[in-house]
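Down below is the structure, laid out as structure tokens.
The chain is numbered in sequence order, starting from 1.
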Amino acid sequence: MTTPETAPPPVQGTPREMGFAERYRVIRSRDRRFDGQFVTAVRSTGIYCRPSCPARTPKEQNVTFFATSAAAHEAGYRACKRCLPEAAPGSPAWDVRGDLAARAMRLIIDGVVDREGVPGLARRLGYSARHLTRLLTAELGAGPLALARAQRAHTARTLLVGTDLSSADVAFAAGFSSVRQFTDTIGEVFGMPPRDLRARRQGSPGSAVVPGTSDLAPGTIDLALPLRGPIDTAGLFGWMRAHAVPGVERGDATSFARVVRLPSGPAWFEVREEAGRLRLRARPSSLHDLSTLIARVRRLFDLDADPLAVDEALSIHPELRAAVADIPGVRVPGAIDADEMLLRAMIGQQISVAAARTMQGRLVAALGAEVDTPEGSMTLFPDPAVIADRGHEVLRGPAARVRAVIAAAAALADGSLTLGPGDDRAEQRLRLLALPGVGPWTADYVRMRVLGDPDVLLPGDVAARTGAAALGLPADPRSFTAWAERTAPWRSYAMAHFWYAAPVTRAWRADAGTREIPASTGTRRADPVPGASPAPPVTLRPTDPAPVTAPTRRRTAS
């Protein structure tokens, strides 16, 4: 029985740094909600653990808390062999926070240091390599090289315990430059050689190898995706299915697959729900891209979110309490490719989702490159340079929109416009608003999807306002915006609930059923949502960039 002394701290509606006492209460209660959000280093043993480690709770005077495992390793600690802190989901702080450290972490997780080195990371962030190292060391306890090294160790552990890849393949897939470097790092971080770490995989949390994976086609990887429950899989797979571009993406009620362009070439992946867990099956062109692919898939499915913190904060508001209880663990889909995200959003402006999918499908069929996958031939979304050169041959609709899409593609192709997870939120928005044909809706929608910003409201989105009205909230843009301010800093997740309350979304959720992966601490599952007939058409002002009709859940097919 949990006593007040050992109870975990309440989940806060506003993200903030927990103090020592709060964190110590977390590790005494072994609360899995906080796995990945910090690590516990024990001076008497020289080991660092995840908060839920089942080992005996250390004495307070022997404990030091670190924001990252890299910081703990730099301080001389090694990972616990019992709880394997590197197997925990990633920290939600890197999406919640928009500061330099968070931007750097998103890029490091994406593999920028492995591809471009610390100078490349510093250049993207607008600092010198020396100054960036100094800032990150002061903020996170480790510099970019150490943080990237910890990320490589995390990927290597995942592959060692979750696949049958050889140690050499694991080393290069994780981003190490040599097998010796890989062996030394695994030994330093985990206190055992790679072969011993692999031998422990039957007891490793979250990454058991799948029977029969040795029968997979050569080059195909199959592994588990750690996450914090609950997770609204019906919403995620339904979203992906409803917005899938023909030829590029395929989805059903329990899976989603697509092809994507990565640094070393095209890659195919599939995420599926299986036995109450999410699994990733992937075939990249090069194993060097595997770490980047895993990171981008996690962002696409918002797997590092803290759903209990979000749900508790939104449930404070009586108007949202029933919606959160019906759909616990709601996620906000991210973007697998930032450039593609912007172009798809612009193509989908002021038309229905179905019409946008049709137009994007024609663009893909005419200009995309075919890729062989385990599911047959699929097509890459066209490169911005190709759209800039030949988009006018395929794109249809208002001439101004076609010109705007081609201009944006040209800017992405020549490098005058860059988009990525390391962007500053305000600067990215200003850059996008400077483009012809991009208004506040598109700029903020891209910020929500590309940066994973949890606090974005789209008052011009008619589907969200329709859903808000169904929940008893004001539906005119001004009043809607004013009311939604109280849900900060989780307005993106409130938007998801508004979208899911709209009639058309309720209908496809009912078709798919509801299959949430529960939280380890026990959370009410959602009941199936009854279907509803579409709302009548709503005509908007000509200058409003939102969808033309309410049955369109949103105005973009991205």
Does some side-chain heavy atom of [Y] sit less than 4.5 Å from a side-chain heavy atom of [X]?
X	Y	value
Arg78	Phe190	no
Val330	Ile231	no
Leu280	Leu223	yes
Ile221	Arg283	no
His317	Trp483	yes
Leu342	Leu417	yes
Pro92	Gln37	yes
Trp441	Gln349	no

**Message:** As a quick check of understanding, evaluate salt bridge (Lys or Arg N to Asp or Glu O under 4.0 Å) for Arg258 and Glu340, giving each step before the final call.
**Reply:** CA-CA 13 Å; Arg258 68 159 292 166; Glu340 175 188 315; 2.9 Å; yes
Lys/Arg N to Asp/Glu carboxylate O, [X] vs [Y], below 4.0 Å:
X	Y	answer
Glu60	Arg28	no
Arg50	Glu86	no
Glu139	Arg97	yes
Asp304	Arg298	yes

**Message:** The criterion is side chain to side chain donor-acceptor pair (under 3.5 Å); which residues satisfy it with His73, sequence neighbours excluded?
**Reply:** Arg149
**Request:** Please check if the distance between the ring centroids of Phe172 and Phe182 is under 6.0 Å.
**Result:** no
For [X] against [Y], the heavy-atom pair lying closest together:
X	Y	answer
Leu303	Arg331	CA-NH1, 3.7 Å
Val112	Gly120	CG1-C, 4.4 Å
Val39	Thr68	CG2-O, 3.7 Å
Pro454	Val96	CG-CA, 3.9 Å
Ala224	Arg277	CB-NH2, 3.6 Å
Leu451	Gly420	CD2-O, 3.3 Å

**Prompt:** Which is it for Met448 and Leu458 under the side chain to side chain contact (heavy atoms under 4.5 Å, CB included) test, yes or no, and what are the steps along the way?
**Reply:** CA-CA 10 Å; Met448 176 192 290; Leu458 305 174; 4.2 Å; yes
**Request:** Check the pair Arg279 / Asp222 against salt bridge (Lys or Arg N to Asp or Glu O under 4.0 Å), numbers first and verdict last.
**Result:** CA-CA 7 Å; Arg279 298 199 67 87; Asp222 192 314; 3.0 Å; yes
**Asked** Between Ser29 and Asp31, does any side-chain donor sit less than 3.5 Å from a side-chain acceptor?
**Response** no
**Cation-aromatic face contact Arg23/Phe38, 6.0 Å, 45 degrees** = yes
**Message:** So if I apply the salt bridge (charged side-chain N to carboxylate O under 4.0 Å, His left out) rule between Asp453 and each of Arg299, Arg447, Arg103, which one comes out positive?
**Reply:** Arg447
**Item:** Check against salt bridge (Lys or Arg N to Asp or Glu O under 4.0 Å), Arg281 and Glu270
**Value:** CA-CA 5 Å; Arg281 190 158 57 110; Glu270 177 193 54; 3.1 Å; yes
Main chain of [Y], side chain of [X]: is a donor-acceptor contact present, judged purely on distance under 3.5 Å?
X	Y	answer
Ser285	Pro266	yes
Ser492	Val456	yes
Arg449	Val332	no
Arg124	Pro119	no

**Request:** Tell me, yes or no, whether the heavy-atom count around Arg486 atom CZ, taken from other residues, nucleotides or ligands under 6.0 Å, exceeds 12.
**Result:** yes
**Request:** Specify whether Phe20 and Tyr24 have parallel, tilted or perpendicular ring planes, treating 30° as the upper limit for parallel and 60° as the lower limit for perpendicular.
**Result:** parallel
**Worked check of side chain to side chain donor-acceptor pair (under 3.5 Å) between His131 and Arg134** = CA-CA 5 Å; His131 189 51; Arg134 185 164 54 247; 2.9 Å; yes
**Prompt:** side chain to side chain contact (heavy atoms under 4.5 Å, CB included) between Leu197 and Leu84: does it pass, once the steps are laid out?
**Reply:** CA-CA 10 Å; Leu197 184 59; Leu84 289 177; 4.2 Å; yes
**salt bridge (charged side-chain N to carboxylate O under 4.0 Å, His left out) partners for Asp110, two or more places apart** = Arg115, Arg296
**Message:** Among Val179, Leu165, Ile186, exactly one meets side-chain contact (heavy atoms from CB on, under 4.5 Å) together with Val170. Which residue is that?
**Reply:** Leu165
**Request:** Mind running side chain to side chain contact (heavy atoms under 4.5 Å, CB included) on Ile109 and Thr292 for me, showing each step along the way?
**Result:** CA-CA 7 Å; Ile109 292 169; Thr292 297; over 6 Å; no
